[in-house]
Amino acid sequence: MSRELGKIYEPKDVEKKLYDFWECSGFFKSNIDDSKEVYTVVMPPPNITGKLHMGHALDDTLQDILVRFKRMKGYNVLWVPGIDHAAIATEAKITEQMRKEGIKKEDLGREEFLNRAWKWKEEYGGFISEQVKKIGCCCDWAHERFTMDEGCSKAVSEFFVRLYEKGLIYRGKRIINWCPKCLTSISDSEVNFEENQGNFWHIKYQILGSNEFVVIATTRPETMLGDTALAVHPDDERFKHLIGKKVIVPIIGREIPIVSDEYVKMDFGTGVVKITPAHDPNDFEVGLRHNLPVINIMDENAVLNDEAGKYQGLSRYEARKKIVSDLEELGALLKTEDIKHNVGSCYRCSSVIEPRVSTQWFVKMKPLAGPAIDCVKNGDVKFIPERFSKIYYHWMENVKDWCISRQLWWGHRIPAWYCSDCGEITVSKEPAKECSKCKSKNIVQDEDTLDTWFSSALWPFSVFGWPDETDEFKHFFPTDTLVTGYDIIFFWVSKMIFSSLEMTGKIPFKNVFIHGLVRDSQGRKMSKSLGNGVDPIEVIEKYGADALRFTLATGNSPGNDMRFSDEKVLSSRNFANKIWNAARFIHMNLEGQDVKNEIPDDLSETDKWIISRFNNIVLEVTENIEKFELGLALQKLYDFIWDEFCDWYIEFSKINILENPKDCIGNKQVLVWIMSGTLKLLHPFMPFITEEIWQSFPQSEKSIVISEFPEYNKNFDFKRSEGIVKRVIEIIRSIRNRRAEMNVPQNKKTSVYIDLSEEFSNLKEYKNIIKKLSYSDNLKFGNDFNIENCAVILTSFAKIYIPLKELIDKDLELKRMNKELENSKRYLESSKLKLCNEKFMSKAPENVINNIKNTVLELESKILKIESEIKNIEKL
RNA sequence: GGGAGUGUAGCUCAGCUGGUUAGAGCACUUGCCUUACAAGCAAGGGGUCACAGGUUCGAGUCCUGUUACUCCCACCA
């Protein structure tokens, strides 16, 4: 039973051992069990690329806290772990790896490339799971899923086909965001806009058949090669006469019309805009309205093509330079201004995005958005904190169609086949063998794959075997709580909600628990380019998983960003060590004795006090966790353990145990019982250390993981004892305080005389405790002391005298007494004022009024005492 | 341009539905190796809760306005 605990807690010695023990014992496994209430969480799947970062550690820790709590509360818990194939990110990594070897994607071919990708998955997938385990996550590994495994892929086809058949997926020629480096389209939300210092070139276009010019201003002069119109605002008096006329594009000499369109802002630039439908999203729209030709002047690498004439083969930036200098030579360049404007770049590789007209697949969003908004509005899905629902509405209400096709190989291939005979598109869950219209065998599958989020949108139900109505799907879905960061609400949360509603008719989860970003100690975002990222695994190796978890779970509130610093982890580590040593103290006193882990029949007031305090903490912590106030819950546990249990109850126990080492089994039982209970409360937050200590005490369960979370018990509510011990502590504190003020070192013992008021005369029973903890070597109770040359401490229920003899300074003491008198009088005044206030008396609740009345009585007696003591001292 | 958040001790942050004289960690000062823990113990200093109004018997907490910073969305040819 009593295992030897080292002086310092060494996480390394226990974490791996305990995790293996938990896993082998099957504590994390869950099966269908109708006798228990279900609690399901699906883990946001980390990308298959690279390592876990601090954001994952936070996300996983929060989930683990909730899941462990619910398991201890008796729920049938399932936490599904998994990994995301991360199409574009992974493909970029593999392509990069190949580039170093001098191989191109095309050289390898689709099949070989995919072989490589799967090898990558095998290698890195296990690596990520290992990291999740190191954090301590109690997920059910038997349920682990991958977004491209067979089941999830089946779900993806089902999703695509159903939406297509309902007319919610369409294929169309649109202008999309093209990344010239990743060579794929990306969705609007994958584009990052950043302010950029650029130039605003003013260029003259000659009006056909006249010597007049109009001037346009542009930041992208190279696109003029694709101009098919100029546009002005219909109400712009300056240019009304030009509408319908033609102008000549400089350099290339093409004749293009001047159209009118409300898109043009009269007060921006020159009021005249060049329209290049192939290379600007707004121009594309204008082009559609005015039936303008679309001239694409660039290839997929953003290099100018044969439409660009003599500029063919130049990159977009080389072409820009050349065209500007050519315009200058021609005299068509009127002036060059500086301008700040936003430039979009790829969220993966940061290349500047090139708007590009191409044929892509889209999801029609409007019909899907409605129900997705409603289920949050009516409370079926709750965001925590609530304010994030506003952000969600705002986005959903303005959502645009979702471009889902990607020109990548790593991902779910679009289940569409094109017939070379009749041109019909065949969309099918199973690989198509023939054209659905003309039955021709001459069909080819779409080369493109689907956006990663298309499969992660299905995650909460695809992991349970949907579209099959599996028993698991019926039992565990909808899930309970989704834990994720606010940065991913648009990317992912919104997509899961509308997909789930559309496919299963149910919400995917009841709660969305949103957390913020983990920033560095200076508040900067952790990023690769800054090199300020902190590796959670390194932190674990240095300080332990529990210290990391404590750091991430405490000191911040839901939805807010937090800063991560070594100092914080250090203080968390110290907390772990504090608990460890409390356990050591208890063990030390258990030596050779058979102490039961239960509350004894005969309880002292201090026992009742700590039990009552513990009982109260149980109630508060449970409530806090249920309300997702994890930081608050943990703070309360910290305070209880450190301040109340260690600093007071253990100190009380020491005195008791030292006095009668054989005869205090009851006290020892309480120590073991409180410690065990506290460990259980703390276990969801700090699983390793709590398990290690818990097992070292007599317990009925073989693991804390499957023990019962403590319940509030009204029989353990000892308010009277709390009052008594509170006063004992007050006496001790006030004596220590006075000694410190007088610079009496702790190793110098003094005499202390205490004159208790009648109703608290029973505090005499705590003589030994007070004597020891107030550094006294001579403690007497009574009311007939010779108090000459004594420092006096007054509480509402006692007068305390310390004969400090030569140490005391009369003037200093008088000054202090007068100051205290002032304070008490001021406080009394403000309290009395409240009691005289009729409105206060009629409206404030009874307990508030009673508190103040008591305060007034206490203050009045205290003031009297102070005044008489001042007189006494003055006589000296 | 639209939306959201934040502003509390030197620093990092708590403070739940308004209720005694506002808290923690770190840092700082002083004294302690006291039979778990110096990764510790005891005591202390330090805050007109961004500013101005308002509601209320009572405001860090609710309302209005101002101001500073941060983030998100949209996007300026």
Side-chain angles (χ1 to χ4, degrees), chain A residues 5 7-9 188-189 193 200 216-220 223 231 263-265 268-270 272-276 280-283 339-342 344 385 387-388 390-391 393-395 398 486-487 489-490 516-517 521 523 554-557 559-563 565 567-568 570-589 620 623-624 627 629 631-632 635 638-639 646-647 650-651 654 657-658 733 736-741 743-748 772-773 775 823 826-827 830-831 833-834 837-845 847-849 851-852 854-855:
Chain A
L5 302 183
K7 189 167 173 178
I8 283 173
Y9 173 59
D188 291 343
S189 40
F193 282 94
F200 213 22
I216 59 98
T218 181
T219 56
R220 300 201 58 192
T223 61
Y263 150 70
V264 181
K265 284 191 195 128
F268 189 78
T270 62
V272 188
V273 190
K274 62 192 268 311
I275 300 297
T276 321
D280 182 279
N282 289 308
D283 291 8
I339 189 173
K340 276 189 179 153
H341 63 132
N342 286 333
R387 65 183 143 95
F388 286 102
K390 277 188 236 163
I391 293 174
Y393 296 142
H394 187 256
W395 188 79
N398 298 292
Y486 62 70
D487 52 331
I489 294 176
F490 309 132
L517 264 41
S521 58
T554 193
N556 81 316
S557 48
N560 288 342
D561 290 354
M562 63 180 302
R563 299 190 191 202
S565 67
E567 292 83 67
K568 282 184 186 169
L570 211 66
S571 95
S572 309
R573 190 271 317 256
N574 291 353
F575 177 53
N577 198 45
K578 185 76 184 174
I579 303 165
W580 186 254
N581 274 290
R584 284 181 66 218
F585 170 81
I586 298 171
H587 273 297
M588 206 178 77
N589 288 295
E620 291 188 22
E623 269 181 19
N624 285 140
K627 284 155 74 183
E629 295 163 352
L632 269 183
Q635 187 61 49
Y638 180 96
D639 291 342
C646 290
D647 288 351
I650 285 186
E651 294 304 322
K654 271 184 194 170
I657 290 169
L658 283 175
R733 279 225 159 105
R736 284 174 178 174
N737 175 320
R738 179 58 58 89
R739 287 172 50 103
E741 280 179 0
N743 291 321
V744 184
Q746 233 155 75
N747 50 5
K748 182 170 175 64
K772 181 82 194 308
L773 297 184
Y775 321 117
N823 281 341
R826 253 209 321 271
Y827 188 18
S830 79
S831 301
L833 257 164
K834 284 182 188 167
N837 184 333
E838 271 176 40
K839 284 180 179 170
F840 173 77
M841 294 303 284
S842 61
K843 290 191 181 174
N847 67 319
V848 172
I849 295 177
N851 280 340
I852 293 178
N854 285 335
T855 307

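Below, all heavy atoms of this structure are taken into account, side chains as well, without hydrogens, waters or symmetry copies.
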Phosphate-side-chain proximity, A:Arg563 and B:U12, N/O vs OP1/OP2 below 4.0 Å = yes

Does any N or O donor sit under 3.5 Å from an N or O acceptor when you compare the side chain of A:Glu651 with the base of B:A36?
-> yes

Using atom CG of A:Leu833 as one end and atom P of B:G19 as the other, report the distance to the nearest whole Å.
-> 21 Å

Secondary structure string for RNA chain B (Watson-Crick or G-U under 3.5 angstrom, | for other-strand pairs) = (((((((..((((.....[...)))).(((((.......))))).....(((((..]....))))))))))))....

Any side-chain N or O of A:Arg739 under 4.0 Å from OP1/OP2 of B:G31?
-> no

Does any N or O donor sit under 3.5 Å from an N or O acceptor when you compare the side chain of A:Lys7 with the base of B:C37?
-> no

Could you tell me the separation between the CD1 atom of A:Ile489 and the C1' atom of B:C71, rounded to a whole number of Å?
-> 12 Å

Nearest-0.5 Å distance, CZ of residue A:Phe585 to NZ of residue A:Lys654 | 6.0 Å

Side-chain N or O of A:Asn556 less than 4.0 angstrom from OP1 or OP2 on B:A14?
-> no

Whole Å only: how far is the CD1 atom of A:Ile275 from the P atom of B:A77?
-> 12 Å

Indicate whether OP1 or OP2 belonging to B:A14 is found under 4.0 Å from a side-chain N or O atom of A:Asn560.
-> yes

Taking only N and O in the side chain of A:Lys578, is any of them less than 4.0 Å away from OP1 or OP2 of B:C41?
-> yes

Rounded to whole angstrom units, what separation is found between the CG atom of A:Leu517 and the C1' atom of B:G5?
-> 13 Å

Reckon A:Phe388 touches a base, only the sugar-phosphate, or nothing at all at heavy-atom distances under 4.0 Å?
-> nothing

Short side-chain N/O contact from A:Lys839 to OP1 or OP2 of B:U55, under 4.0 Å = no

Rounded to the Å, how far apart are A:Arg387 CZ and B:A4 P?
-> 11 Å

Starting at CG of A:Asn837 and ending at P of B:U56, how long is that distance when rounded to a whole Å?
-> 13 Å

Atom pair distance, as rounded to whole Å: NZ in A:Lys843 and P in B:U55 = 13 Å

Which whole-number value in Å describes the distance from A:Ile8 CD1 to B:C37 C1'?
-> 9 Å

Look at the side chain of A:Arg573 and the base of B:A39, then say whether one donor and one acceptor between them are separated by less than 3.5 Å.
-> yes

N/O (side chain, A:Asn574) to phosphate O (OP1/OP2, B:G40) under 4.0 Å | yes

Let me know, please, whether A:Ala583 or A:Val273 comes out on the 5' side of the other along RNA chain B by nearest nucleotide.
-> A:Ala583

Does OP1 or OP2 of B:U12 have a side-chain N or O of A:Ser565 closer than 4.0 Å?
-> no

Residue-phosphate contact under 4.0 Å: A:Asn747 side-chain N/O, B:C33 OP1/OP2 | yes

If you pin A:Ser189 and A:Thr218 to their nearest nucleotides in RNA chain B, which one's is more 5'?
-> A:Ser189

Looking only at N and O atoms, is any donor in the side chain of A:Tyr827 or the base of B:U20 less than 3.5 Å from an acceptor on the other one?
-> yes

